[in-house]
Amino acid sequence: MPLLYHNNNSISNVTSFAQVPSGSPVLLSTATASGSASISFTSGIDSTYDSYVFKFINIHPATDNVSFTFNMSTDGGSNYNVVKTTTSFPANHEENDGAYNFGYQDFDLAQSTSYQILARLVGTETDDNVSGSMTLFNPSSTTFVKHFISTTNNVLSISPPYSEEMFIAGYGNTTSAINAIRFQMSSGNIDAGTIKMYGIKA
Amino acid sequence: MALTKLNNKAVANVTSIPVALGDMVFISSATASSSASIEFSLGNYKEYKFFFVNMHPSVDGAEFQFNLSTDSGSNYNVVKTSSAFNVMHGEDGNNGSLNYDANADLAQSTADQPISGSPRIGNGNDESASGTLTLFNPSSTTYVKHFVSSFNCVFLLDRSINAFVGGYANTTSPITNIRFKMLSGNIDAGKILMFGIN
C-alpha cells in the first residue's frame with residue numbers, strides 16, 4: 001500500500017518503520033478526569049496484549065480524605081464486581097519527620113467484589129494527589145486467575161501530612177475474561193488527573 | 001515542519017507516528033509447554049525487563065526461580081546476595097501478614113534465586129504466578145549486577161502472595177544468559193517477555 005500524502009503534510013497507511021521496534025509498550029488509551037464520577041476503560045482490554053500497565057498521574061479528588069479504588073468487569077462494563085483476594089502494606093513518613101510506619105494493614109480483600117483501595121486518605125489541597133502504576137496480567141485468560149500489582153504514592157490528608165507508598169497486589173479470582181476496568185474515588189468525583197493504559201505484548 | 005520527501009522515497013522530519021516508541025524495546029518471548037527451563041541470551045542493553053505471565057508449575061508447591069551465566073549458558077552459577085520479603089492474605093480472610101522471607105534470600109550463593117517467594121505456587125488449573133524482573137546493566141565489566149522483582153502468585157493454600165526480591169550478582173564479569181525454571185518439575189505453561197531499555 002503506498003503512502004498517502006495529504007495536503008496537511010500528515011501521512012497515513014504506514015504499517016511499519018524499519019527502525020521502529022514492533023514490540024510494546026503501546027499507549028492504548030488516555031483518560032483525563034474533570035469532575036468525573038469514574039474513569040472506565042471498556043475497550044482495548046482483550047487477548048491482543050499479554051499484560052496491561054496503567055499509569056496514574058496526579059489523581060486529585062473532589063472530596064477530602066477518600067480512597068482511590070478500582071474494580072474489574074467481565075461483562076464489558078455493565079457490572080464491576082469481580083471477586084478478588086488481595087494484600088496490602090504501606091510505608092509512610094511524616095512531613096515533620098515525627099513518625100513513620102511500615103507493616104501489613106488491612107486495606108485488603110478476601111473473596112470480595114468490593115472496589116480495591118489503591119491509595120487512601122487522598123486530600124483535596126491544591127497540590128494533593130496520588131500517582132502510581134498498576135500492572136494487570138493476562139486479563140483475557142479463560143484459564144487463570146487475574147494477577148495485578150500496584151504501587152502508588154500519596155499525600156495523606158492528615159495533619160501533619162505523610163508521604164505514603166502503598167503496595168497492593170492480588171488476583172481477580174475468576175477464569176472469565178476481564179474486559180473492562182474502572183477507577184473511582186470511594187466518595188465524590190475524580191476532580192482531575194490522567195490515567196494512561198498501555199498494552200504489553202511480544 | 002513540513003515533511004521532506006527524499007529521492008529514495010524515505011520520509012524525514014516525521015515528529016510523531018501512531019505507535020509508541022519509548023525506550024523499552026521488545027526483544028524476545030518464550031512460551032512454556034512442559035518446559036524444564038526457559039533461557040534468554042542477553043546483550044548490551046543497560047537494563048532488561050522481564051514480564052512473566054501466568055507461570056504455571058507442573059508440580060504443586062513449586063518455586064519459580066532464575067540463575068545467571070557468564071559463559072554463554074554453559075553454566076548457571078553466578079554468585080548472588082539477595083533479600084526477600086512477601087505479603088500474604090488468605091481467601092478466607094486470615095493470615096494477612098508482611099514477612100521477611102529467609103527461605104528466598106541468598107548469601108554469596110550460586111544457587112538459583114527464587115523470585116515467586118518461598119510460599120509455593122499451586123498448580124490448580126487456574127493457579128499461577130505473574131510478575132516482573134528488572135536486571136540492570138548485565139554487560140558491565142565494572143559493577144555487580146543488580147536485580148529487583150515483584151511477583152503475585154496463588155499460594156497452594158489459597159492465599160494471595162506478593163513476593164519482592166532484590167539483590168545483586170556479585171561479579172564484574174558480563175552476564176551473558178539468564179535461565180528460568182521451577183524448583184522442581186517443569187514449567188507447565190506460561191509466557192515470558194523480555195524487553196531491553198537504554
Side-chain angles (χ1 to χ4, degrees), chain A residues 2-3 5-6 9-12 14 16-28 50-51 53 83-89 102-106 108-112 135-138 141-151 167-171 173-175 198-202, chain B residues 1-3 5 9-11 13-14 17-22 24-31 51-54 56 85-94 96-99 124-132 150-154 158-164 189-191 193-196:
Chain A
L3 288 174
Y5 194 87
H6 299 298
N9 291 328
S10 67
I11 54 176
S12 62
V14 177
S16 66
F17 277 80
Q19 300 302 316
V20 175
S22 60
S24 51
V26 176
L27 176 60
L28 300 175
D50 294 298
S51 297
V53 175
V83 171
K84 295 172 290 300
T85 294
T86 66
T87 58
S88 61
F89 68 97
F102 175 68
Y104 195 88
Q105 291 197 20
D106 55 359
D108 54 11
L109 298 175
Q111 296 297 89
S112 171
T135 302
L136 174 63
F137 296 90
N138 200 13
S141 171
T142 54
T143 303
F144 296 109
V145 303
K146 314 304 186 298
H147 295 288
F148 58 87
I149 299 173
S150 168
T151 305
F167 299 85
I168 300 288
Y171 48 83
N173 199 356
T174 178
T175 55
Y198 295 85
I200 303 291
K201 68 172 183 175
Chain B
M1 177 184 289
L3 287 173
K5 199 173 188 182
K9 307 297 184 188
V11 177
N13 295 335
V14 176
I17 57 174
V19 296
L21 295 174
M24 197 163 101
V25 178
F26 170 72
I27 299 171
S28 180
S29 69
T31 300
F51 282 78
F52 306 93
V53 182
N54 298 134
H56 180 74
F85 67 97
N86 64 59
V87 55
M88 69 172 67
H89 186 218
E91 291 184 4
D92 60 3
N94 296 321
S97 59
L98 177 64
N99 319 283
N125 288 339
D126 63 351
E127 296 176 335
S128 68
S130 297
T132 60
S150 175
F151 266 75
N152 203 77
C153 66
V154 185
D158 291 336
R159 297 175 193 166
S160 181
I161 305 283
N162 187 195
F164 297 80
K191 187 173 184 178
L193 299 89
M194 180 172 75
F195 296 84

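Chain letters run A, B, ... following the sequence lines, proteins first and then strands; every chain starts at 1.
Contacts of B:Glu127 with chain A are made by backbone atoms alone, with heavy-atom separations under 4.5 Å and no side-chain atom involved. Contact of B:Asn99 with chain A is not made at all, since no heavy-atom distance falls under 4.5 Å. For a residue to count as touching a neighbouring chain, one of its non-hydrogen atoms must lie under 4.5 Å from one of that chain's; by this rule B:Ser97 touches chain A with the backbone only. Residue A:Thr151: no heavy atom, backbone or side chain, is found under 4.5 Å from chain B. For chain B, the nearby part of A:Thr175 is the side chain; its heavy atoms alone come within less than 4.5 Å. For B:Asn125, the part lying under 4.5 angstrom from a heavy atom of chain A is the backbone only. In this structure, chain B has heavy atoms under 4.5 Å from both the backbone and the side chain of A:Asp50.
Across all their heavy atoms, A:Thr87 and B:His89 have their closest contact at CG2-N, 3.5 Å. The two residues A:His147 and B:Ser130 have their closest heavy-atom pair at CD2-OG, 3.3 Å. Scanning all heavy atoms of the two residues, the minimum distance from A:Tyr104 to B:Met88 falls at CE1-O, 3.6 Å. Between B:Phe26 and A:Lys201, the shortest heavy-atom distance links the atoms CD1-O, 4.0 Å. The shortest heavy-atom contact between A:Gly170 and B:Ser160 is CA-OG, 3.3 Å.
Taking the side chain as every heavy atom from C-beta outward, B:Glu91 and A:Val83 never approach each other to under 4.5 Å. Between B:Leu98 and A:Phe102 the shortest side-chain heavy-atom distance falls below 4.5 Å. A:Phe137 has its side chain out of reach of B:Phe52: every pair of non-hydrogen atoms, C-beta onward, lies at least 4.5 Å apart. Using a 4.5 Å heavy-atom cutoff, the side chains of B:Asn162 and A:Thr86 are not in contact.
By the 30° and 60° cut-offs, the orientation of the rings of A:Phe89 relative to B:Phe164 is perpendicular.
Per-residue counts of heavy-atom pairs under 4.5 Å with chain B were compared for A:Ile168, A:Thr142, A:Thr143; the largest is that of A:Thr143. Each of B:Gly90, B:Gly124, B:Gly131 has some count of heavy-atom pairs under 4.5 Å with chain A, and the biggest count is that of B:Gly131.
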